[in-house]
Amino acid sequence: MKNKILIISVAAFLSLAFAKAQRGIRVGYVDMEFILESVPEYQEASKQLEQKMQKWKLEIDKMANEISMMKGSLQNEKVLLTKELIEEKEEDIALKEQDLAVYQQKRFGAQGDFLLQKQQLIQPVQDQVFNEVQKIGSQKKYDYIVDSSEVAMLYSAERHDLSDQILRAIGRTGKKKAAVKRQADKNNSDDNEPYLSVKEAEQEEQKEQAKEDRKEEVQQAITDRDAVRNRQRMQRDSVRAAKVAAYKERRDKMTEDRNRKKDSILQVRATAREKKQAEIDARNAEKNKKTPPGGE
């Protein structure tokens, strides 16, 4: 029994293959890059994404420049700072570098905003292309339809290019959607707004006022948060300034003590030399008194 089923299956497969061989395999292709570049919505969204990307790059450059300036400043001031201040500045630099790495990953990483938004940008057009490809493939009996932008095609006849058909189909769909949207916007225009009673109008006004109050609360919370951060920053700067001032005071005192000690030593030496010279002069004077003039 199993052998009979196997024989029947093989025979059916060979018959199907023979039928396809007789009529020939139909293969079409679409150029996805060409389609994307020809869709106005995709072009506009791409322009917006490019603007965002440039903004993110500027922010990254700004952060990198700030880190570079911090490193240069530390290198120039290192000889004047205590070990504690040096470690604190190095810690600040390390935190800035960590923030930069996190921000770069957030914007341009494997799961970053750029790739996610690009995928969100391409996906709707890809879905439309896929739906139209399914329709054309089914209606015109294509066996395969491939994407020429992803497949290395050494040669392809232009008559098998379905890109223009896909674009025309997407255009018709887009125009239909735009017409529906215009009609919906027209239906929702001010001329067609339902009449509101006094009570309903008061409720709507209360809702709008609640929204405005909420916005003000959020803005106040942001202002308070910024004020707290500014106070913390001022306190941190004050502590650093106090440490720098204390270090400068200690350094100046050490320099003053060293100079005073040096001056004291020089003074002692000068006094000793003067005393010694006075003793020599006294001995010479005494010797001259004992020795009469003109000989012994």
Participant: Any heavy-atom pair between the side chains of Ile86 and Lys78 that's under 4.5 Å?
Facilitator: yes
Participant: Going by the side-chain contact (heavy atoms from CB on, under 4.5 Å) test, name the single residue among Lys89, Glu90, Glu97, Glu66 that passes it with Lys71.
Facilitator: Glu97
Participant: Do Tyr142 and Val133 come close enough that some side-chain heavy atom pair is under 4.5 Å?
Facilitator: no
Participant: Is the closest basic N to carboxylate O distance between Glu279 and Lys276 below 4.0 Å?
Facilitator: no
Participant: Looking at Lys261 and Asp257, does any basic side-chain N land under 4.0 Å from a carboxylate oxygen?
Facilitator: no
Participant: More than 12 non-hydrogen atoms from neighbouring residues, nucleotides or ligands closer than 6.0 Å to CD on Gln123, yes or no?
Facilitator: yes
Participant: Quick one: do Glu88 and Arg236 make a salt bridge, cutoff under 4.0 Å?
Facilitator: no
Participant: Which value, rounded to the nearest 0.5 Å, describes the distance between Met70 atom CE and Asn65 atom CG?
Facilitator: 13.0 Å
Participant: Among Glu44, Gln43, Glu50, which residue meets the side-chain contact (heavy atoms from CB on, under 4.5 Å) test with Lys47?
Facilitator: Glu44
Participant: Do Glu87 and Glu91 have side chains that get closer than 4.5 Å, going by heavy atoms?
Facilitator: no
Participant: When rounded to the nearest 0.5 angstrom, what is the spacing between CE in Met32 and CG in Asp147?
Facilitator: 7.0 Å
Participant: Is it true that Leu115 and Leu121 fall in one hydrophobic cluster, defined by side-chain heavy atoms closer than 4.5 Å?
Facilitator: yes
Participant: Is any NZ, NE, NH1 or NH2 atom of the basic residue among Arg26 and Asp143 found under 4.0 Å from an Asp or Glu carboxylate oxygen of the other?
Facilitator: no
Participant: List the steps and the verdict of side chain to side chain contact (heavy atoms under 4.5 Å, CB included) for Asp224 and Gln220.
Facilitator: CA-CA 6 Å; Asp224 294 341; Gln220 185 61 42; 2.9 Å; yes
Participant: Can you check side chain to side chain contact (heavy atoms under 4.5 Å, CB included) on Leu81 and Leu74, steps first, answer last?
Facilitator: CA-CA 9 Å; Leu81 301 177; Leu74 176 59; 4.1 Å; yes
Participant: I'd like to know if the side chain of Thr271 reaches the main chain of Gln267, judged simply by a donor and an acceptor atom lying under 3.5 Å from each other, with no hydrogens or angles considered.
Facilitator: yes
Participant: Is it the case that the side chains of Glu132 and Gln128 hold a donor-acceptor pair, with the cut-off being a distance below 3.5 Å and no angle test?
Facilitator: no
Participant: Once you round to the nearest 0.5 Å, how far does CD of Glu158 lie from OG of Ser163?
Facilitator: 10.0 Å
Participant: When rounded to the nearest 0.5 angstrom, what distance separates CG in Asp31 from CG in Asp161?
Facilitator: 7.0 Å
Participant: Ignoring hydrogens and angles, tell me if any N or O in the side chain of Ser148 forms a donor-acceptor pair with the backbone of Val30 under 3.5 Å.
Facilitator: yes
Participant: With a 4.5 Å heavy-atom cut-off, do Asp164 and Arg168 have their side chains touching?
Facilitator: yes
Participant: Got a sec: does the CZ of Arg269 have more than 12 other heavy atoms crowding it under 6.0 Å?
Facilitator: no
Participant: Taking atom CD of Glu249 as the centre, report whether more than 12 heavy atoms of other residues, nucleotides or ligands fall under 6.0 Å from it.
Facilitator: no
Participant: Looking at side-chain heavy atoms only, is the closest gap between Met53 and Phe108 below 4.5 Å?
Facilitator: yes
Participant: Does any non-hydrogen side-chain atom of Tyr29 lie less than 4.5 Å from one of Leu162?
Facilitator: no
Participant: Could you tell me whether Glu256 and Arg260 have a side-chain N and a carboxylate O separated by less than 4.0 Å?
Facilitator: yes
Participant: Atom CD1 of Ile60 and atom CG of Leu100: how far apart are they, to the nearest 0.5 Å?
Facilitator: 6.5 Å
Participant: Find the distance between CZ (Arg107) and CD (Gln117) and round it off to the nearest 0.5 Å.
Facilitator: 8.0 Å
Participant: Between Lys96 and Asp99, is the closest basic N to carboxylate O distance under 4.0 Å?
Facilitator: no
